[in-house]
2 protein chains.
Amino acid sequence: MNIRVAIFEDNNLLRESLFQLINGTDGFSAIGAFHDCRDILFNIKRVEPDVVLMDIQMPGITGIEGAKIIHDNFPEIKIIMQTVVEDEERIFASICNGASGYLLKNTSPVRLLEAIKDVYEGGAPMTPSIAQKVLLKFRHQSPQINTDDNLTHREKEILECLVQGMSYKMVASSLAISIDTVRHHVRNIYEKLHVNSKSEAVVKALKGKIV
Amino acid sequence: MNIRVAIFEDNNLLRESLFQLINGTDGFSAIGAFHDCRDILFNIKRVEPDVVLMDIQMPGITGIEGAKIIHDNFPEIKIIMQTVVEDEERIFASICNGASGYLLKNTSPVRLLEAIKDVYEGGAPMTPSIAQKVLLKFRHQSPQINTDDNLTHREKEILECLVQGMSYKMVASSLAISIDTVRHHVRNIYEKLHVNSKSEAVVKALKGKIV
DNA sequence: TATGCACCTGCATATTTATGCGGTTAAAAG
DNA sequence: CTTTTAACCGCATAAATATGCAGGTGCATA
């Protein structure tokens, strides 16, 4: 069973050669090649691809928007973004819009075919330099792992309630304890977290602890 | 100039074959092979590797801890984690501890050598299935891009102050306006954010908007 | 010119929160 | 067996917050 691939690429030469490459390889079928995202939903519905190869910069609807449209309507279709420039913004935007692979255009044909196979099988092939950017971002924005705030189990429960926007009264009824007890625990939480207001505690909880 | 590789792997057979593979390939030198993380700093300092191949599960100090030790002391050394199981926890822990590559142990020798070259050149080679996990996590925890809450500039300022844990009074003096004005803006913020308490607003701000 | 919008100020009041002090109980740790 | 610890309950008060209502200014654009 061949993997059905659709190509979105505005450069005629590149689009053609991709088409040839994919169609000329065992196990792959290029079943559509488009030079922009016009009628994208119609086209996708018609050719029913397994994998979409999407150029990131195209006239009209950009590849990023195209990816979103496809992902929103056909979440089972895998999308590989292709780009010449390693622009962080667009990379992250693409990822959040449902792309599961990200390749630079200088990727070798062999690698490209492997990548198509990889996404088809549920993986997320990425050019190493792009993966690097993702990792850095990832590392940067996951500074968590609580820094020994030795909160009690109960205290964590209460903190979580507060994070959910509950008032003392709501927490009390939610945990079936009295409001005075809630106050008591909150006090201890503040002390351990070195804060002295609900919102401060919530902020600390969101970026640092329990999350 | 060869890429100098150190290997940490408790399985004797695997360690030896990795050593042979790397040493037998042009452009690579295996300059150390260790079966655990004992004296890790001493060993690293002695052999001065460019790239470390680190098994994730080893007796004594785990590969994750080992990676952290190396990264903390020699941030320029690239680390590739190797594992048999795709355990999310450990993957993310490794990433946060400074690993820049992540390979399953069934990776082919060719790929492994490529990966070593990739990290050496600043990339982050990852097995596609692992990259997939990272992407999902990434997508999950970056749901941002504000959802048109059309907050005024001023309102955003005030919200940011609240996020920083300030009280109305502090916000007022910080922005040189009266506390009643702060109240007024807060009211509007609540309305636009569909909340009705400071901490709720803060939570919404932290995951969804301005951040 | 008028209307809307962003911004600002004021006052009143009910509710919520922060913090002070006091206590009990059951289970784990010394 | 005593001490500690987590969890629980209570009361009191000052401060902060949430919301109600009623204004004012300056600037852009309809």
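Below, read A as the first sequence line, B as the second, and so on, with proteins coming before strands; counting in each chain starts at 1. Atom set for the values below is all heavy atoms of this structure, side chains included, hydrogens, waters and symmetry mates excluded.
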Practice task
Indicate yes or no for a side-chain donor-acceptor contact from E16(B) to the backbone of L13(B) under 3.5 Å, with no hydrogens or angles considered.
Solution key: no

Problem - Donor-acceptor contact present, side-chain S199(B) to main-chain G165(A), <3.5 Å - result: no

Handout entry: Under 3.5 Å donor-acceptor, S178(A) side chain and T181(A) backbone
Key = yes

Completion exercise
With the side chain defined as heavy atoms from C-beta on, H185(A) is closest, among dC8(D), dA18(C), dA16(D), to dC8(D)

Exercise for the section: Could you tell me whether the phosphate oxygens of dA6(D), OP1 or OP2, come under 4.0 Å of any side-chain nitrogen or oxygen in N188(A)? Expected result: no

Practice task
Quickly work out the E155(A) CD to dC8(D) C1' distance and round it to whole Å.
Solution key: 13 Å

Problem - Between P of dA7(D) and NZ of K156(A), the distance in whole Å - result: 11 Å

Practice task
Please report, rounded to the nearest Å, how far the P atom of dT16(C) is from the CE atom of M170(A).
Solution key: 10 Å

Problem - Positions of residues 173-181 of chain A (non-hydrogen atom under 4.0 Å from DNA chain D), listed by number - result: I177(A), S178(A), D180(A), T181(A)

Practice task
Using atom CZ of R154(B) as one end and atom P of dT25(D) as the other, report the distance to the nearest whole Å.
Solution key: 19 Å

Practice task
Starting at the 5' end of nucleotides 22-29 of chain C, put B wherever the base has a protein heavy atom under 4.0 Å, S where only the sugar-phosphate does, and a dash everywhere else.
Solution key: --------

Problem - Touch class at under 4.0 angstrom, heavy-atom based, for R187(A) against every strand present - result: base

Exercise for the section: For dA18(C), take OP1 and OP2 only and decide whether either is under 4.0 Å from a side-chain N or O of Y190(A). Expected result: yes

Problem - Whether T107(A) side chain and L103(A) backbone form a donor-acceptor pair below 3.5 Å - result: no

Which atom pairs, donor and acceptor, lie under 3.5 Å between side-chain atoms of residues 71-80 of chain A and protein residues at least two apart or in another chain?
unit_1, atom_1, unit_2, atom_2, d
D72(A), OD2, K68(A), NZ, 3.2
N73(A), ND2, I69(A), O, 2.7

Problem - NZ/NE/NH1/NH2 to OD/OE distance under 4.0 Å, D55(A) and K105(A) - result: yes

Problem - Distance in angstrom units between E200(A) CD and dT17(D) C1', rounded - result: 15 Å

Problem - Interatomic distance where CG belongs to L193(B) and P belongs to dT19(D) [whole Å] - result: 13 Å

Problem - Donor-acceptor contact below 3.5 Å, side chain R4(B) vs main chain D50(B) - result: no

Handout entry: Side chains of Q132(B) and S129(B), donor plus acceptor under 3.5 Å
Key = no

Problem - Y190(A) side-chain N/O to H185(A) backbone N/O, donor-acceptor pair under 3.5 Å - result: no

Practice task
Decide yes or no, distance alone: a donor-acceptor N/O pair under 3.5 angstrom between the base of dG20(C) and the side-chain of R183(A).
Solution key: no

Handout entry: Rounded distance (Å) that lies between atom C1' of dT16(C) and atom NZ of K198(B)
Key = 12 Å

